[in-house]
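I have placed the structure first, in the form of structure tokens, so that the comments after it can refer back to it.
Sequence lines set the chain letters: A, B, ... in the order given, protein chains first and strands last, and positions in each chain run from 1.
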Amino acid sequence: MSEVPSQQPVVVVDRVSKSYRRGAQLIHVLKEINLTIEEGSFVALMGPSGSGKSTLLNLIAGIDRPDAGSLVVAGTDITQLDESELAAWRTRHVGFIFQFYNLLPVLTGLENVELPLLLSGLSRRQRREHAMVALELVGLSHRIHHYPRELSGGEQQRVAIARAIVTDPTLLVADEPTGDLDKASATEVLGLMDQLNRDFGKTIIMVTHDPHAAAKAGVTRHLDKGVLNNSSD
Amino acid sequence: MELIKLILRNTGRHRLRTVLTILGMAVAILAFCLLRTVVDAWYAGVAGASPNRLVTRNAVSLVFTLPISYKQKILQVPGVNKVSYANWFAGIYVDEKQFFPRIAVGAENFFDLFPEFIIDPDQLRTFKGQRNACIAGRKLIEKYGWKLGDTIPLTGNIYPGEWRFVLRGVYRGAAKTTDETQFFFRWDYLDESLRKTSPFRSGQAGWYVVQIENPMESQTISQTIDALFKNSSAETLTETEKAFQLGFVAMTDAIVIAIRVVSVVVIGVILMVLANTMAMSARDRMSEYAVLKTLGFGNTFLFVIIAGESVTIALCGGVLGMLLAFPTASVFSRELGTLLPIFHISGTTLFLGSAVTVGIGLLSALFPAWRATRVRIAEALRHIG
Ligand SMILES: Nc1ncnc2c1ncn2[C@@H]1O[C@H](COP(=O)(O)OP(=O)(O)OP(=O)(O)O)[C@@H](O)[C@H]1O
Ligand SMILES: [Mg+2]
């Protein structure tokens with residue numbers, strides 16, 4: 001099953017199921033999913049709309065809980081953690097990139113990137129330094145004092161990427177990070193993620209509809225009707 | 001620091017909504033302070049009551065008087081220092097809207113019993129030496145522009161006739177709570193003319209003011225005095241000055257209760273307004289709360305930013321309202337003048353105003369904060385876009 005056997009798995013999804021109740025009906029979104037992701041890999045998760053991609057990503061990232069199965073991520077079985085342990089675990093291990101960026105509108109780019117560091121116990125100066133490094137890396141050190149509404153979609157997504165990496169997490173998760181961007185911006189953002197994976201060895205899981213985006217990733221997995229099909233088209 | 005910045009920026013996010021809520025809050029706290037001050041003013045006479053003064057009045061009712069001969073008998077009671085007496089004159093000055101207390105008092109020692117009325121000794125001497133002299137409070141004199149030597153005409157109602165008094169003295173209050181709007185003239189002047197016009201009403205005191213040595217003995221002394229006149233044609237009721245004045249105020253208890261209810265209602269209304277503002281803001285920001293939770297911020301953090309915002313709004317309004325209360329109160333004080341003579345905002349009122357302000361801020365945050373802490377991240381994020 002593992003593509004790069006020499007590496008440690010960062011994510012081990014073991015027979016995970018998840019269903020939602022819609023009215024009287026129970027929808028089985030994920031059916032006994034198994035998935036292993038090696039450290040340093042860049043995985044694209046594809047599949048038709050409603051196939052459960054976001055659901056699976058959320059489970060791995062610890063912002064939702066499965067009905068059954070276990071999820072060992074960054075060495076911890078996160079199904080065993082309570083809410084506050086899980087929150088602390090997320091802060092340490094997961095960086096999030098959303099389709100709609102989800103920056104806080106009242107904070108500048110720099111402040112948005114600093115935000116997760118408030119939970120880190122770093123000094124004010126250290127926070128600023130780390131945030132500056134992250135912003136530099138995404139190529140936005142010249143727009144740090146702009147508010148999100150003053151930035152283009154692509155720029156906002158780059159700020160969001162800076163926010164995701166500023167804590168140096170074990171895992172980056174991205175749910176359709178280019179879904180709301182024009183082609184040029186999308187290419188930029190994908191290049192950035194590719195760079196984070198190649199140059200910094202970041203493990204990335206990315207949900208996407210876009211075959212171009214998936215092409216950047218080393219591994220592509222397909223979800224269909226709650227079942228994970230083994231790799232590529 | 002970052003937290004305060006976040007709270008303040010969130011507060012300024014919906015300018016119009018925030019400003020309107022602050023104004024509403026200011027008006028509510030202003031009303032709260034003024035209403036409380038009205039109640040305070042109402043009870044101010046009581047607050048000024050001295051614990052070593054008793055009042056002896058007719059047991060049947062204040063309307064009935066007591067023979068002036070009681071003075072000597074009361075003076076005999078052990079523990080009694082001084083006795084003076086007074087009659088409620090009422091009467092009309094210019095027209096019926098001009099209200100201030102007009103009282104006939106025993107000139108020889110009435111003011112000895114009321115050290116809180118500060119009078120120039122020369123003026124007091126003149127007052128004691130001239131039968132138709134009168135003394136008025138500072139505020140009264142300022143209000144009507146009277147000067148020493150002026151003749152002040154009153155039309156009698158309880159004691160009919162046209163009365164004329166010469167202003168010989170001004171008193172000012174020793175404390176802020178001392179009523180400076182009273183008008184005193186000499187009991188013997190009243191009695192003298194009663195002897196001519198209606199002799200059966202002469203030789204009567206409306207009530208006696210009894211100064212006692214030891215306030216602890218007020219109970220026993222009161223009982224001793226009342227026992228003296230048991231089974232006489234005019235039985236007495238003696239009580240502390242405070243109880244006596246409360247009796248006066250009690251007549252209007254219903255009004256005071258109404259005012260108190262109104263001030264609670266005002267607070268209740270503004271609480272709902274602020275709670276609604278906060279609920280609207282929180283609803284708009286559910287996805288932001290979800291993002292914060294995703295990043296690992298806990299419920300305490302969410303509560304602090306929400307409560308911080310609502311307390312900030314409440315404080316802006318509350319402080320504004322309390323600041324406005326001062327000029328408003330002085331306008332009130334000027335317009336109401338003698339009706340509620342002691343009209344100033346007390347420290348207690350300001351303290352309660354602040355407490356209510358912060359309380360409203362915190363209470364308004366409870367519901368939105370509760371919702372924010374319950375938001376399920378995955379679900380809230382699905383609704384974005
Ligand atoms: N909180 C929820 N309550 C009810 N149903 C839900 C909930 N979350 C997801 N679902 C359902 O589960 C299924 C999978 O949803 P999911 O968001 O994981 O799909 P997806 O593959 O990410 O789709 P898309 O490509 O459109 O984003 C859908 O049918 C969705 O309606
Ligand atoms: Mg999705």
Distance-minimising heavy-atom pair for B/L295 and A/L119:
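It is O-CD1, 3.6 Å.
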
Identify the two heavy atoms, one from A/N58 and one from B/A378, that lie closest to each other, and give their separation to 0.1 Å.
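That closest heavy-atom pairing would be ND2-CB, 3.7 Å.
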
So which of A/L115, A/L86, A/D64 has the largest heavy-atom pair count under 4.5 angstrom toward chain B?
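Heavy-atom pair counts peak at A/L115.
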
At a heavy-atom distance under 4.5 Å, which candidate from A/A88, A/P105, A/G95 has the highest pair count against chain B?
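Ranked by heavy-atom pairs under 4.5 Å with chain B, first place is A/P105.
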
Please list, chain by chain and in numerical order, all residues satisfying side chain to side chain donor-acceptor pair (under 3.5 Å) with A/E150, sequence neighbours excluded.
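Applying side chain to side chain donor-acceptor pair (under 3.5 Å) to A/E150 gives none.
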
Using non-hydrogen atoms only, which part of [X] is less than 4.5 Å away from chain B: side chain, backbone, both, or neither?
X	value
A/Y101	neither
A/R163	side chain
A/Q99	neither
A/R65	neither

Report the distance from atom CZ of A/F96 to atom CD1 of B/I377, rounding to the nearest 0.5 Å.
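Between atom CZ of A/F96 and atom CD1 of B/I377 there are 7.0 Å.
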
At what distance, to the nearest 0.5 angstrom, does OG1 of B/T373 lie from CD of A/E83?
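B/T373 atom OG1 to A/E83 atom CD measures 11.0 Å (nearest 0.5 Å).
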
Just do the side chain to side chain contact (heavy atoms under 4.5 Å, CB included) check on A/D175 and B/L381 with the steps written out, would you?
CA-CA 11 Å; A/D175 197 343; B/L381 290 176; over 6 Å; no

State whether the number of non-hydrogen atoms from other residues, nucleotides or ligands found under 6.0 Å of [X] atom [atom1] is greater than 12.
X	atom1	value
B/R17	CZ	yes
B/R13	CZ	yes
B/R172	CZ	no
A/H209	NE2	yes

When you compare the side chain of B/E2 with that of A/R124, does any pair of heavy atoms fall below 4.5 Å?
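Side-chain contact under 4.5 Å: yes.
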
A/R90 side chain to B/T294 backbone, donor-acceptor under 3.5 Å:
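Yes, A/R90 side chain to B/T294 backbone: donor-acceptor pair under 3.5 Å.
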
Among B/R9, B/E288, B/R285, which residue meets the side-chain contact (heavy atoms from CB on, under 4.5 Å) test with A/L104?
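The side-chain contact (heavy atoms from CB on, under 4.5 Å) with A/L104 is passed solely by B/E288 among B/R9, B/E288, B/R285.
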
